[in-house]
Chemist: 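First, the structure itself, so that you have it in front of you.
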Amino acid sequence: MPILTAPVPQPKGSAPRKRWTLDEFHLLCGLPKFENRRMILVEGEILDMPNPNPPHEVGVGETEEALRNAFGSEFWVRVQMALVLGQATDPMPDLAVVPGPRRKHTVHPTSALLVVEVSESSLYYDKGEKANLYAAGGIADYWVLDLNNRCVHVFRDPVADPDEPFGFRYQTQMILATTDSISRLAAPNATIAVANLLP
């Protein structure tokens, strides 16, 4: 992923690089100059993400509809909105399901029952470092909708692992094909057909 700024040690004599705060990042995202750019904040670094193409947009829309039907009105399915996972981290997931109706939320959520990323060009990152990031944030149920291979990667059971980025990883990983159904940890008796999530 292209990095706009990175808080890494610099050689002597070089200019320091900026580490962004959550407030600065959210202010930046609201500026007209950046309204058509997809950016995330990871430990003070702003990463420029690929702009969505039509398959990505359809995948987000199909998944949003399926999750709204599956979770009901007592949950908020947030689409490409803030999810604060630390003092300097907001991955702005494609979809995040949080408990409680929309009107009850007056601040950005700091956790979610389920996070979904719709992935094509960012597949390697979403299955790798981003999965570690969500595991570190305590997200129990993380799905990657793989548009390239028409499947869903399911990540569950976050555990500490000092050898992984951000110090965590998911212990359980599954790959579900279009002929499979997927259940949510938050409501295991309800299932969603994988084929209904894909464009």
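In this text, all values refer to a predicted model and were calculated from it rather than measured experimentally. Start at 1 with the first residue, then count along the sequence. All heavy atoms count here, side chains included; hydrogens, waters and symmetry mates do not.
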Chemist: Under the rule for salt bridge (Lys or Arg N to Asp or Glu O under 4.0 Å), what residues qualify as partners of Asp141, not counting sequence neighbours?
Modeler: Arg156

Chemist: Got a sec, which residues hit salt bridge (Lys or Arg N to Asp or Glu O under 4.0 Å) with Glu57, two or more places apart in sequence or on another chain?
Modeler: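 None.
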
Chemist: Taking the side chain as C-beta and beyond, is there a heavy-atom pair between Val118 and Leu147 under 4.5 Å?
Modeler: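 In short, these two side chains touch, coming nearer than 4.5 Å.
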
Chemist: If I compare all heavy atoms of Pro91 with all of Glu117, which pair ends up nearest, and what's the gap?
Modeler: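 Here Pro91 and Glu117 meet closest at O-OE2, 4.5 Å.
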
Chemist: Within a strict 4.5 Å, meaning less than it, do heavy atoms of the Leu31 and Leu28 side chains meet?
Modeler: yes

Chemist: Answer whether the closest heavy-atom distance between the side chains of Met81 and Trp76 falls below 4.5 Å.
Modeler: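 Met81 vs Trp76: side chains touch.
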
Chemist: Among residues at least two apart in sequence or on other chains, which ones pass side-chain hydrogen bond (donor to acceptor under 3.5 Å, both in side chains) with Asn69?
Modeler: none

Chemist: Check whether any side-chain heavy atom of Val152 sits under 4.5 Å from a side-chain heavy atom of Leu145, and report yes or no.
Modeler: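 In short, these two side chains touch, coming nearer than 4.5 Å.
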
Chemist: Could you check Val194, Leu198, Leu197 and say which one makes a side-chain contact (heavy atoms from CB on, under 4.5 Å) with Arg150?
Modeler: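 For Arg150, the side-chain contact (heavy atoms from CB on, under 4.5 Å) test succeeds with only one of Val194, Leu198, Leu197, which is Leu198.
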
Chemist: Nearest 0.5 angstrom please: Ile40 CD1 to Asp48 CG, how far?
Modeler: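 With rounding to 0.5 Å, CD1 (Ile40) is 10.0 Å from CG (Asp48).
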
Chemist: Rounded to the nearest 0.5 Å, what separates atom OH in Tyr142 from atom NE2 in His153?
Modeler: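 Answer rounded to 0.5 Å: 10.0 Å.
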
Chemist: Donor-acceptor pair, distance only, cut-off 3.5 Å: does the side chain of Asp90 make one with the backbone of Val84?
Modeler: no

Chemist: What's the separation between atom CG in Leu85 and atom CG in Leu41, rounded to the nearest 0.5 Å?
Modeler: 10.5 Å

Chemist: Would you give the length of the straight line joining atom CD1 of Ile46 to atom CZ of Arg19, rounded to the nearest 0.5 angstrom?
Modeler: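 CZ of Arg19 is found 11.5 Å from CD1 of Ile46.
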
Chemist: Which value, rounded to the nearest 0.5 Å, describes the distance between Trp143 atom CH2 and Ile192 atom CD1?
Modeler: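 Spacing of CH2 (Trp143) from CD1 (Ile192) equals 4.5 Å.
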
Chemist: Indicate the atoms forming the closest heavy-atom contact of Ala135 with Pro158, along with that distance.
Modeler: O-CB, 3.6 Å

Chemist: Do you know the tightest heavy-atom contact between Pro165 and Asn132?
Modeler: O-CB, 3.1 Å

Chemist: Could you give all pairs that pass the salt bridge (charged side-chain N to carboxylate O under 4.0 Å, His left out) test and reach residues 61-71, with sequence neighbours left out?
Modeler: Glu64-Arg68

Chemist: How many angstroms lie between atom CG of Asp146 and atom CG of Leu176, to the nearest 0.5 angstrom?
Modeler: 11.5 Å

Chemist: Please examine the side chains of Asp94 and Val116, heavy atoms only from C-beta on, and report whether any two atoms are closer than 4.5 Å.
Modeler: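 A side-chain contact is absent here, since even the closest heavy-atom pair is not under 4.5 Å.
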
Chemist: Please list, chain by chain and in numerical order, all residues satisfying side chain to side chain contact (heavy atoms under 4.5 Å, CB included) with Ser111, sequence neighbours excluded.
Modeler: Ile139

Chemist: Under the rule for salt bridge (Lys or Arg N to Asp or Glu O under 4.0 Å), what residues qualify as partners of Arg169, not counting sequence neighbours?
Modeler: Asp161

